[in-house]
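This report concerns only the one structure given below.
Quick caveat, the model's predicted, so the values are computed rather than measured. Position 1 is the first residue of the sequence, and the numbers go up from there.
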Amino acid sequence: MASSPPSSSARGDSNDGRGEVRSVVPNDHNVLQKHVAFFDRNHDGLVYPWETFRGFRSIGASLPLSTISAILINIALSQKTRPGKFPSFLFPIEVKNIHKAKHGSDSGVYDSEGRFVPLKFEEIFRKHAQTHPDALTSNELQEMLKSNRQPKNYTGWVAAYTEWKVLYILCKDKDGLLHKDTIRAVYDGSLFEHMEKEHMEKGRASNKQKD
């Protein structure tokens, strides 16, 4: 049922013995698959709710946010990524089929195959970044979400709102801005690796202070 494990040439997401985080992302993954592969904690091609939970906790998300995200994300995406298969009450998400779970009312930065579309990415800031050319305020983010809404696509509205609001909560700066380079990094999954490393370093620093 699982896809083939990543090859040895892939980047790793395990501890390398020096406390460093390495992300296992097969080199042939498209950006949407890389985005999701961060949460595949045991690298078997499947993301279970407990792995989604662990992924959110590893980047510093609160216990309630991590729990709710794990439940909602896996319930919403599991069967869409497992077409033709009998529903599983464990709600696994198949990384290789994540493009099948694309919803409407999104930004269009991922195409139908999960590939990154640079023009659509730049369009976000050209249309909506009015205060700062390379960042979005909370109000600008809300305006973007409204402009992307497709008529009567209520599921897409909720999915897009949830994704962007979680990103804003976790990644806004002290001035309430969501920066362009941050958004770009979340599209290819590299932001999660960076946030996990930062969270680990903060934890080590906190432990040293306690000692």
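Of all the heavy atoms in L77 and A101, the pair that sits closest is CD2-CB, 3.7 Å. Heavy atoms only, all atoms of each residue included: N153 and G104 are closest at OD1-C, 3.1 Å. Minimum heavy-atom separation, Y168 to L178: CD1-CB, 4.1 Å. The two atoms that bring P83 and N97 nearest to each other are CD-ND2, 4.3 Å, heavy atoms only. Looking at every heavy atom in both residues, Q79 comes nearest to S88 through OE1-N, 4.3 Å. The heavy-atom pair separating A129 from A135 by the smallest distance is CB-O, 3.4 Å.
Between F121 and Y187, the ring-plane angle classifies as perpendicular under the 30° and 60° cut-offs. Note on ring orientation: taking the six-membered ring where Trp is involved, the planes of F192 and F38 are tilted (angle from 30° to 60°).
Using a 4.5 Å heavy-atom threshold, the side chains of D40 and E51 count as touching. Looking at heavy atoms from C-beta onward, I73 lies out of side-chain contact with V47 at the 4.5 angstrom threshold. Inter-residue side-chain proximity for M144 and I124 is flagged as met; some heavy-atom pair is nearer than 4.5 Å. Side-chain contact between Q142 and K165 is present, with heavy atoms from C-beta onward closer than 4.5 Å. Within the 4.5 Å cutoff, side-chain heavy atoms of W50 are placed close to those of L90. Looking at I59 and H199, their side chains never come closer than 4.5 Å, going by heavy atoms from C-beta outward. Within the 4.5 Å cutoff, no side-chain heavy atoms of H35 are placed close to those of F116. Between K172 and S138 the shortest side-chain heavy-atom distance does not fall below 4.5 Å.
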Could you go through the side chain to side chain contact (heavy atoms under 4.5 Å, CB included) check for L191 and L167 one step at a time?
-> CA-CA 11 Å; L191 177 66; L167 176 61; 4.2 Å; yes
Show your working on salt bridge (charged side-chain N to carboxylate O under 4.0 Å, His left out) between K180 and E122 and close with a plain yes or no.
-> CA-CA 9 Å; K180 184 176 184 178; E122 295 297 333; 2.7 Å; yes
Run the side chain to side chain contact (heavy atoms under 4.5 Å, CB included) check on L63 and F53 step by step: do they pass?
-> CA-CA 9 Å; L63 184 60; F53 173 85; 3.4 Å; yes
Let me see the working for T155 and H103 under side chain to side chain contact (heavy atoms under 4.5 Å, CB included), right down to the final yes or no.
-> CA-CA 8 Å; T155 301; H103 57 78; 5.9 Å; no
Could you go through the salt bridge (charged side-chain N to carboxylate O under 4.0 Å, His left out) check for E123 and R126 one step at a time?
-> CA-CA 5 Å; E123 189 176 275; R126 188 176 69 253; 3.7 Å; yes
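Judged by distance alone, with hydrogens and angles left aside, the side-chain atoms of S78 form a donor-acceptor pair with the main-chain N or O of P92 at under 3.5 Å. In this structure, the side chain of E163 does not engage the main chain of V166 through any donor-acceptor pair within 3.5 Å. W157 contributes no side-chain N or O that, together with a main-chain N or O of L145, makes up a donor-acceptor pair within less than 3.5 Å. In this structure, T81 contributes its side chain and E94 its backbone to a donor-acceptor pair below 3.5 Å. With hydrogens and angles ignored, the 3.5 Å screen pairs a side-chain donor or acceptor of E140 with a backbone N or O of Q130.
Cluster membership check: V31 shares its hydrophobic cluster with V36, using side-chain heavy-atom separations under 4.5 Å among Ile, Leu, Val, Met, Phe, Trp and Tyr.
Distance OG1/T131 to CG/L177: 8.0 Å, rounded to 0.5 Å. Of the inter-residue distances, the one linking R54 atom CZ with S66 atom OG reads 12.0 Å to the nearest 0.5 angstrom.
Crowding of F125 atom CZ: a count of heavy atoms from other residues, nucleotides or ligands under 6.0 Å exceeding 12. The local environment of NZ in K127 is sparse, with at most 12 non-hydrogen atoms from other residues, nucleotides or ligands closer than 6.0 Å.
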